[in-house]
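Right, one structure below, let's go through it.
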Number of protein chains: 2
Amino acid sequence: MSERGGRATMRDVAALAGVSIKTVSRVVNAEVGVADPVRERVQEAVARLDYRHHLGASNLRRGTTRSGLIGALLQDVSNSFSAALLRSLEDAARSRGTAILSASLDEEPDRELSLVHDLVTRRVDGLVIMPSTLRQDYLTAEVRAGLPVVFVDREPQGVAADSVTVENLEGAQMGTEHLLAQGHRRIACLTDLPDISTARRRRAGFVQAFTERGQRPPERLMVSGLRGAAAAEEAVLQLLDLDQPPTAVFAGRNDLAQGTIRALRQRGLSRSVAVVGFDDFPLADLLTPALTVIRQDVGRIGRRTAELLLARIDGDTSPPHRVVIAPTLVVRGSGEIPPA
Amino acid sequence: MSERGGRATMRDVAALAGVSIKTVSRVVNAEVGVADPVRERVQEAVARLDYRHHLGASNLRRGTTRSGLIGALLQDVSNSFSAALLRSLEDAARSRGTAILSASLDEEPDRELSLVHDLVTRRVDGLVIMPSTLRQDYLTAEVRAGLPVVFVDREPQGVAADSVTVENLEGAQMGTEHLLAQGHRRIACLTDLPDISTARRRRAGFVQAFTERGQRPPERLMVSGLRGAAAAEEAVLQLLDLDQPPTAVFAGRNDLAQGTIRALRQRGLSRSVAVVGFDDFPLADLLTPALTVIRQDVGRIGRRTAELLLARIDGDTSPPHRVVIAPTLVVRGSGEIPPA
DNA sequence: CATGTCCTTGACAACGTTGTCATCGGACTC
DNA sequence: GAGTCCGATGACAACGTTGTCAAGGACATG
């Protein structure tokens, strides 16, 4: 509804109301010191032209590098863990009028690099990253330039930044210990690529549960490099074909637990092979048997992450925080099946 | 790394390289007509100062209102349907370098209004809305100003815009018909607020399945206004206490189906009361019995939505499209339990 | 040697906005 | 009635960038 095509600008409003641009700016920003009749004329013109404030131009002129935007680089926004995290970030940011730019990395390092670049180019006020890269040295320039960055789920390597993670090793150890306590010895361990620090630590926790009991971990039953549910399903089917098949499975992530359950169903073993999963997920309690899991409190992780990031954006320059949240064991049935 | 605190600008780079700002601009934008030695000097200065292009300033000057941003207003990004939709929008937008601003509405009309306002203020290139308002007249000004808007899951009221929905009535009718065909007559029907058009149409489809057979729908067993799984669970428990309890349940949305399953489990009826749900969700096939559902192809919905929006952004001005996608019945077990 | 052409480079204005400062008219003081 | 003060309003520059155009040098042509 402007003179020249696009959106109306303050100039158009000023012309229609017969005032200067600056006066329009004053009215739009609800500043004091505008006579009532003038203010009304301007508001009328704003309404007539459907004028909308241009936040980008405003921020540019104000010099405040604040864009009111934060970037969230997660693994996959359609995965329940990432999605719940995104949601709690959103809730924390909403009250400040901060919006969230989210994107999925799918464990692809290149995508992380290009998305960070893109977000910096858009001048986000801060970044939440669940990294897919091994090292994040590439971020030092941004951090030095004052960009607040908080790592979530995985700790940073090669750059000083806050992080919010869970005790992966201890959690995995607790889950494995739970199975050992039922008398299981042939326990399978499923994890993702060893490059992924959480996967590595969960595997280490599995091993540690054995060694602390003075037992040797069952190396033949430990499979890593599993990408997704289908890979886990296939791996479990193969393990079940061994001469000495596992009597229990520790699945190092929610999708691997799901693949495991599919495999056990196929062989009719869901009631005879125990399963403990790392990560809770919706409906895990409605399965038969209900799935025993190591639960990370996603809401709490998201809130702490948002708190840290927003504090940095507000100028907190204290040394990097390393928040580690303890996971809990949720007993539901699948983990309490005794060995055959 | 700039002279005056914040990020380095082209001015800082120009000063360090001993060239004009315009030349820096040329190098940064990879324009032709810069002598090699000059180009190298500039690139060196860019690297030294960690210069990053300022997309906002660039877009402002270029006059192209293109921000390379689209807004996605969904019901709840942590719900599997919204999350899957967001993901497929992201995938479609990625190739064009378009980023996505997402937010959750939680069926709150006020939040929709304020978020649309916020996104317009940020000059998004287009909007995807799963509306929580009854009518969207408030959008006419934006649409008139040229903002592309695509409605998803629910059709627009009071404003001309594209939409991508599923055949809610036909889908619900198909699901109900499936239960009727097994011989069920006392079928419960669970739906959300009648204000929500999808809820209304699914309920209508339930009724139509009965009337087309010349039978009267069981009004006592039809409950609407159910917000979320807990409400559905409670409602089903009450229905089961009736003198003539339902022998089957048609649940009008994924969370209502989940609540239903919880209620049936509590009463030990999961193998004797049939359930058909509207909306598929992860792990529905792993429940016992596996859940029979009316499935909406979320990936397809997301892709079509993105296609429509991106075409509009690219200048398509044809009359509003109304894309309606047919859902499919996925038979898994819970819907094939015969009446007692 | 004058002229023309090509190529590289920079000065300047502008995108939409807001901070700074000046101007103007009227009301007040003595 | 002259001087002072105050509130309302506007002119101008600037945020970081890029389009337009002109200037300047190198080189070729006549």
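Reminder, nothing fancy here: chain letters follow the sequence lines and each chain counts from 1.
- At a threshold of 4.5 Å between non-hydrogen side-chain atoms, the residues A/D91 and A/R94 count as touching.
- Summarising the geometry, the separation between CE on A/M10 and P on C/dG16 is reported as 11 Å, rounded to the nearest angstrom.
- No engagement by B/V28 is indicated, since no non-hydrogen atom pair under 4.0 Å with the nucleic acid exists.
- Applying side chain to side chain donor-acceptor pair (under 3.5 Å) to B/S132 and the options B/R154, B/E112, B/E107, B/Q75 leaves one that passes, B/E112.
- Rounding to whole angstrom units, CZ of residue B/R39 and C1' of C/dC7 are separated by 14 Å.
- Shown here for B/L101 and B/L69, the closest heavy-atom pair between the two residues is CD1-CD1, 3.9 Å.
- In terms of polar N and O atoms assigned as donor or acceptor, the side chain of B/R61 comes within less than 3.5 Å of the base of D/dT18 in a complementary pairing.
- Closest contact between the side chain of A/H53 and the listed nucleotides C/dT17, D/dT18, C/dG19 involves C/dT17.
- Within the 4.0 Å cut-off from OP1 or OP2 of C/dT17, not a single side-chain nitrogen or oxygen of A/S58 is found.
- Contact check for A/L73 versus A/L119: side-chain heavy atoms found under the 4.5 Å cut-off.
- Across the protein-nucleic acid pair, A/Y51 atom OH and C/dG16 atom P stand 10 Å apart, rounded to whole Å.
- The side chain of A/R62 places an N or O atom within less than 4.0 Å of a non-bridging phosphate oxygen (OP1 or OP2) of C/dG19.
- Mapping B/L60 and B/R26 onto DNA chain D via the closest heavy atom, the residue that lands nearer the 5' end is B/L60.
- A/R11 places its CZ atom 15 Å from the P atom of C/dT18, with the value rounded to the nearest Å.
- Residue contacts shown for B/V38 are limited to sugar-phosphate atoms, with no base heavy atom under 4.0 Å away.
- B/S25 has a side-chain polar atom (N or O) that falls below the 4.0 Å cut-off from OP1 or OP2 of D/dT18.
- For B/T23 and C/dG10, the shortest distance from a side-chain N or O to OP1 or OP2 is below 4.0 Å.
- When all heavy atoms are compared, the tightest approach of B/S67 to B/V124 is OG-CA, 3.7 Å.
- Atom P of nucleotide D/dG7 and atom CD of A/E31 are separated by 15 Å, given to the nearest angstrom.
- Across the protein-nucleic acid pair, A/N29 atom CG and C/dG19 atom C1' stand 12 Å apart, rounded to whole Å.
- Nearest-nucleotide positions on DNA chain C for B/A35 and B/A57 put B/A35 closer to the 5' end.
- Spacing between atom NZ of A/K22 and atom P of C/dT20 amounts to 9 Å, rounded to whole angstrom units.
- As rounded to whole Å, 17 Å separates atom C1' of C/dG16 from atom CZ of B/R122.
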